[in-house]
Amino acid sequence: MVASTSSKDTSERDQDRWPLKPGLHLVATPIGHLGDLSPRALETLKIADLVVCEDSRVTGKLLRLHGIERSLLPYHEHNAARMRPRILDQLATGARVALTSDAGTPLVSDPGYKLVRDVIEAGHEVLAVPGPSAALAALVISGLPTDQFFFGGFLPSKASARRRVIGELSAVPATLIWFESGKRLAATLDDLATGLGARQAAVARELTKAFEEVRRGTLDDLASVYADEDVPRGEIVIVVGPRDAVDVWDDAAVDEALRDALKTMTPSAAAAAVATKTGRARRELYRRGLALREDV
Ligand code: SAM
């Protein structure tokens with residue numbers, strides 16, 4: 001039998017279990033499914049002396065759904081420098097301050113890093129109320145290795161900068177994760193396919209929401225699928241697996257494969273063929289192919 005308690009009982013019991021300490025509490029909120037707001041997150045947002053949020057309309061709506069009507073202090077990139085001293089003053093009086101963003105875990109591609117840095121510097125406590133985060137949700141459903149991963153936030157929107165960053169990260173021996181917009185998805189997948197080679201990847205869209213979708217495949221396949229479709233709606237995370245042929249294809253073996261391919265192909269075609277075989281980046285192979293051709 002399941003015992004039921006009134007919300008007042010629950011609230012009193014929760015307070016006993018989780019007395020809210022003075023300090024800054026980083027509170028994760030849902031990335032879609034409202035059921036993902038934890039009881040502890042809700043309690044913290046209810047009883048904190050001050051709730052600081054990215055957009056008071058968004059957090060206000062979430063709290064009203066739970067019957068909580070309270071004042072909220074907005075904290076975003078345009079007012080952060082002005083708000084930080086006010087929040088630090090409150091903490092100096094022993095206040096319990098909660099920080100949330102519009103969705104997910106605050107500070108993860110969201111405001112709050114400088115606040116946390118200054119709060120630590122001022123000697124106050126910083127505490128996590130963990131919960132949803134789109135990056136981790138996408139990683140764990142991607143089917144790609146989870147033992148080591150690198151989260152890159154948003155890639156630059158300018159193509160040249162994006163390609164440079166992708167090139168810099170091509171040697172990272174880990175699964176790679178990026179946030180992306182629907183508008184840029186096809187172009188980014190194309191740059192990832194060119195810059196990272198034939199790796200397995202996943203595109204996770206609208207996680208925890210009604211139209212949640214995950215597509216898995218090689219970067220080349222995903223790039224051509226999205227190049228042929230309308231701009232996808234909603235929020236997106238790209239997850240790219242590590243270069244898995246690293247052990248088999250050492251540099252000498254890659255050079256040999258390139259030399260072979262160059263006997264019958266242009267450097268560009270040889271780079272593409274060897275990229276598919278080895279998982280190495282097409283751009284890196286193209287450069288290497290040109291150098292090898294000069295050596296011959
Ligand atoms: N702090 C948030 C977190 O921990 O999830 C992320 C904030 S960032 C400004 C917003 C980006 O996260 C979106 O552009 C999208 O790339 C990703 N995102 C957020 N919610 C998502 C969802 N439900 N499904 C897929 N991606 C999501």
Side-chain angles (χ1 to χ4, degrees), residues 24-38 40-41 44-45 51-59 61-62 65 72 74-80 98-117 126-144 146 149-158 162 165-166 169 175-189 191-192 201-216 222 225-226 229 231-240:
L24 180 66
H25 299 256
L26 309 176
V27 182
T29 56
I31 56 169
H33 197 301
L34 292 173
D36 292 337
L37 184 69
S38 75
R40 183 174 166 227
T44 304
L45 294 172
V51 174
V52 179
C53 61
E54 188 179 0
D55 183 333
S56 44
R57 285 164 306 184
V58 176
T59 301
K61 192 171 160 200
L62 178 70
L65 282 170
L72 301 163
Y75 182 85
H76 45 69
E77 59 175 325
H78 304 295
N79 74 355
L99 174 73
T100 75
S101 59
D102 287 353
T105 299
L107 277 81
V108 178
S109 296
D110 270 339
Y113 158 65
K114 287 183 180 164
L115 177 62
V116 166
R117 183 196 61 189
V126 179
L127 305 111
V129 183
S133 180
L136 282 182
L139 171 69
V140 295
I141 62 168
S142 67
L144 298 166
T146 53
F149 57 87
F150 172 93
F151 169 61
F154 286 93
L155 281 163
S157 51
K158 265 185 76 180
R162 183 166 66 228
V165 172
I166 291 169
L169 296 173
T175 292
L176 309 172
I177 307 169
W178 288 283
F179 289 156
E180 191 47 284
S181 70
K183 199 167 51 136
R184 282 198 287 270
L185 180 65
T188 296
L189 287 171
D191 287 341
L192 289 170
V203 173
R205 195 170 66 82
E206 295 286 85
L207 291 169
T208 79
K209 302 187 196 178
F211 297 103
E212 175 166 3
E213 174 190 72
V214 190
R215 290 190 181 175
R216 303 178 180 89
L222 289 168
V225 165
Y226 283 102
E229 289 187 2
V231 169
R233 287 166 187 264
E235 303 195 275
I236 291 164
V237 183
I238 301 175
V239 187
V240 181

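Since this is a predicted model, take the numbers as computed values, not measurements. We count ligands from 1, going down the list as the structure has it; atoms in each ligand are counted the same way.
Under the side chain to side chain donor-acceptor pair (under 3.5 Å) criterion, Glu206 pairs with Lys209, not counting sequence neighbours. Partners of Thr175 according to the side-chain contact (heavy atoms from CB on, under 4.5 Å) rule, which considers only residues two or more places apart in sequence or in another chain, are Leu139, Leu144, Pro145, Phe149, Val239, Pro242. Shown here are the side chain to side chain donor-acceptor pair (under 3.5 Å) partners of Asp36, two or more places apart in sequence or in another chain: there are none.
Between Glu229 and Arg215 there is a salt bridge, since at least one side-chain N of the basic residue sits less than 4.0 Å from a carboxylate O of the acidic one.
Taken from CD1 in Ile141 to OG1 in Thr146, the straight-line distance is 13.0 Å, to the nearest 0.5 Å.
Nearest heavy atoms, His76 versus Pro111: CA-CG, 4.2 Å.
Residue-level contacts of ligand 1 at the 4.0 Å heavy-atom threshold are Ile31, Ala103, Gly104, Thr105, Val108, Ser109, Asp110, Ser133, Ala134, Phe154, Phe179, Glu180, Ala204, Glu206, Leu207, Lys209, Glu235, Ile236, Val237.
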